[in-house]
*Asks:* 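If you scroll down you'll find the structure; I have some questions about it.
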Amino acid sequence: MSKSTFSNRLGFVLSAAGSAVGLGNIWRFPFLAAEYGGGIFLLVYIAVTLVFGFPVMAMEIAIGRKTATASIEAYGKLDKRGGFIGILTAIVTLVTLPYYCVIGGWVLKYAVMYCTAQWELPAAEGFFPQYTSQTFEPILYQVLFLLMSAAILICGVKNGIEKANRFLMPALVALAIIIAVYSLTLNGAFDGVVYYLTPDWSKFSFKTVLAATGQMFYSLSLANGIMVTFGSYLHKKDSIEKSVKQIEMFDVGIAFLSGLIVITAVFAMSGGESTALSAGAGLVFETLPAMFASMPFGGLVGALFFVLVFFAAISSAISMMEVNVANLISRFKMKRFSAVLVMSAVLLILGLPSSLGYGIWSGLRPMDMALLDFLDYIGNSIITPIVAMISCIFIGWVVAPRVLSEEIAQDGVFKRRKSFEFIVKWIAPLFIAAVLIGSFIEV
């Protein structure tokens with residue numbers, strides 16, 4: 001059986017960008033920007049993405065391309081002492097993707113309501129908590145979201161993941177631009193633009209840096225095996241350095257537009273109050289639907305917005321799902337069709353507690369969190385930084401960064417080689433450790 005690959009670098013970039021551009025960009029980035037001072041958070045986020053996002057992403061893609069195998073085996077192929085890291089990356093996706101599919105089901109439900117002119121329903125007070133407390137319907141939409149993701153993955157790397165993202169990514173960018181332009185036309189939107197684009201240095205703190213760094217790892221899909229897996233599908237002749245730069249442009253661009261959309265809309269419809277931005281998941285599913293109901297052409301804007309969010313959700317879901325589909329194919333020699341079906345069933349079962357945690361299992365509150373929020377904390381604030389830190393230490397001190405520098409330079413010159421090797425070995429582990437410590441302190 002021939003090794004799966006992307007058609008070319010564009011196919012790889014769009015697919016990797018599809019992974020990076022997910023729910024973290026659409027709803028998590030705006031409320032973090034609001035909580036940590038608007039413009040100053042945006043500035044710090046761009047800085048940490050450029051400084052730390054580039055070397056860590058390039059490192060993971062290079063690991064995948066050099067070893068040409070699934071993430072669960074890639075680290076051990078570099079050095080057998082790193083075999084456990086691949087297992088940890090598989091665990092990350094098994095913790096985070098099940099609840100992500102639950103949220104994806106919510107997004108699909110809202111997209112269906114808006115696209116069928118039922119936009120008065122999600123705008124009603126109390127609709128979201130009432131909906132999520134149900135047993136049957138949220139699980140039904142979770143299953144539909146999983147089936148859509150599975151259908152894409154069954155078609156393979158070129159005909160499934162790549163073709164889907166060749167449509168999803170341009171469409172997502174176009175929708176984001178259209179909605180952002182509309183948001184800027186609303187009365188009072190200018191105050192939101194000023195808040196969002198003007199750095200308030202009085203709000204700069206170590207917590208701002210920690211929050212921006214945590215968002216970077218969450219948004220760029222690092223330390224969960226995705227970039228290693230996609231790197232294994234990348235041709236040797238294709239430039240990793242150029243690819244990472246373009247993926248970061250997609251990620252930062254969509255995050256920027258999402259912040260512009262949400263913050264300007266909230267400022268415009270709330271009379272300049274930024275407190276509504278700190279509503280977490282409620283920002284997308286409660287605050288914005290209520291605002292769409294009071295906007296000119298709000299139903300149409302809401303439909304476009306939730307289609308945008310759905311595109312972002314499913315593009316990331318198929319990337320996360322592919323990690324363990326590839327692991328099953330590699331480790332157990334399964335056919336792709338069988339691997340996708342097995343993984344879909346596993347994700348459905350593992351996702352049920354997150355869905356039922358808002359309903360009949362709402363009494364189960366580890367660390368006083370809903371089950372979904374608890375898994376999000378464990379997956380993104382604990383396991384992911386640990387895996388990222390261990391990966392950098394493994395490459396920096398066991399394998400040696402030059403091994404991956406040589407892989408990145410396969411297409412010619414690697415302009416950022418010295419900074420790449422220095423950051424991976426020395427700086428990134430310290431910063432990631434700070435993020436991890438910060439996560440414990442905040443709890």
Side-chain angles (χ1 to χ4, degrees), residues 23 25-35 102-142 144-145 172 175-189 191-192 195-196 257-314 355 358-359 362 370 372-373:
L23 292 174
N25 294 76
I26 306 298
W27 67 267
R28 198 172 189 267
F29 182 86
F31 78 71
L32 283 177
E35 181 178 353
V102 172
I103 301 173
W106 299 345
V107 172
L108 179 59
K109 166 67 174 178
Y110 272 61
V112 168
M113 286 191 293
Y114 273 93
C115 290
T116 55
Q118 301 178 66
W119 45 70
E120 73 283 353
L121 292 178
E125 186 176 354
F127 174 83
F128 179 62
Q130 182 181 19
Y131 172 72
T132 56
S133 66
Q134 295 178 28
T135 299
F136 176 72
E137 193 170 358
I139 294 175
L140 172 62
Y141 275 93
Q142 175 193 355
L144 291 174
F145 184 82
L172 191 150
L175 286 171
I177 292 173
I178 291 169
I179 302 171
V181 170
Y182 173 82
S183 296
L184 293 175
T185 66
L186 299 171
N187 291 330
D191 291 338
Y195 177 81
Y196 184 49
L257 287 173
S258 299
L260 194 64
I261 291 167
V262 174
I263 290 176
T264 54
V266 169
F267 266 77
M269 306 311 295
S270 65
E273 292 292 329
S274 63
T275 53
L277 287 163
S278 60
L283 176 64
V284 169
F285 297 107
E286 295 180 283
T287 306
L288 289 180
M291 292 182 178
F292 290 146
S294 61
M295 289 180 180
F297 309 106
L300 175 59
V301 175
L304 291 175
F305 178 79
F306 279 103
V307 169
L308 163 70
V309 179
F310 172 73
F311 284 173
I314 200 165
S355 182
Y358 289 98
S362 59
L372 188 152
D373 296 328

*Asks:* Look up atom CZ in Arg28 and atom OG in Ser258, then write down how far apart they are to the nearest 0.5 Å.
*Replies:* 13.5 Å
*Asks:* What's the spacing between Gln130 CD and Leu121 CG if we round to 0.5 Å?
*Replies:*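 Here the rounded value is 10.0 Å.
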*Asks:* Find the distance between CD1 (Ile139) and CG (Leu144) and round it off to the nearest 0.5 Å.
*Replies:*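 Answer rounded to 0.5 Å: 12.0 Å.
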*Asks:* Would you find a donor on one side and an acceptor on the other, under 3.5 Å apart, between the side chain of Tyr195 and the backbone of Ala34?
*Replies:*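 Answer holds: yes.
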*Asks:* Phe310 versus Tyr110: any side-chain heavy-atom pair under 4.5 Å?
*Replies:* no
*Asks:* Let's go through Phe305 and Val284 carefully: what are the C-alpha distance in whole Å and the side-chain angles of both, what is the deciding distance for side-chain contact (heavy atoms from CB on, under 4.5 Å) to 0.1 Å, and is it a yes or a no?
*Replies:* CA-CA 10 Å; Phe305 178 79; Val284 169; 4.2 Å; yes
*Asks:* Taking the side chain as every heavy atom from C-beta outward, state whether Pro138 and Thr132 have any pair of such atoms under 4.5 Å apart.
*Replies:* no
*Asks:* Quick check: closest heavy atoms across Ala268 and Ala189, and the distance to 0.1 Å?
*Replies:*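 It is CB-N, 3.9 Å.
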*Asks:* Tell me whether the rings of Trp106 and Phe285 are parallel (<30°), tilted (30 to 60°) or perpendicular (>60°).
*Replies:*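 Aromatic pair Trp106/Phe285 classed perpendicular.
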*Asks:* Could you measure the distance from the CD1 atom of Ile177 to the CG atom of Leu172? Nearest 0.5 Å is fine.
*Replies:* 10.0 Å
*Asks:* Between Met113 and Phe127, does a side-chain contact (heavy atoms from CB on, under 4.5 Å) hold up when you go through it step by step?
*Replies:* CA-CA 12 Å; Met113 286 191 293; Phe127 174 83; 3.6 Å; yes
*Asks:* Go through the steps for Tyr182 and Ile178 under the test side-chain contact (heavy atoms from CB on, under 4.5 Å), then give the verdict.
*Replies:* CA-CA 6 Å; Tyr182 173 82; Ile178 291 169; 5.8 Å; no
*Asks:* Looking at every heavy atom in both Met291 and Ala265, which two are closest together, and how far apart are they?
*Replies:* SD-O, 3.9 Å
*Asks:* Does Thr264 use its side chain to pair, donor to acceptor, with the backbone of Leu260 at less than 3.5 Å?
*Replies:*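 Such a contact is found between Thr264 side chain and Leu260 backbone.
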*Asks:* Working to the nearest 0.5 angstrom, can you tell me the gap between Leu175 CG and Leu304 CG?
*Replies:* 6.0 Å
*Asks:* Rounded to the nearest 0.5 Å, what separation is found between the CH2 atom of Trp119 and the OH atom of Tyr114?
*Replies:*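 Trp119 CH2 to Tyr114 OH: 9.5 Å, rounded to 0.5 Å.
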*Asks:* Going by side chain to side chain contact (heavy atoms under 4.5 Å, CB included), Tyr141 matches just one of Val102, Val107, Leu108. Which one?
*Replies:*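 It is Leu108, the one option of Val102, Val107, Leu108 that forms the side chain to side chain contact (heavy atoms under 4.5 Å, CB included) with Tyr141.
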*Asks:* Using the side-chain contact (heavy atoms from CB on, under 4.5 Å) rule, take Asp191 and Tyr196 through it: C-alpha gap first, then chi angles, then the decisive distance, then the call.
*Replies:* CA-CA 9 Å; Asp191 291 338; Tyr196 184 49; over 6 Å; no
*Asks:* For Cys115 and Val307, which heavy atoms make the closest approach, and how far apart are they?
*Replies:*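 In this case the closest contact between Cys115 and Val307 is SG-CG2, 3.8 Å.
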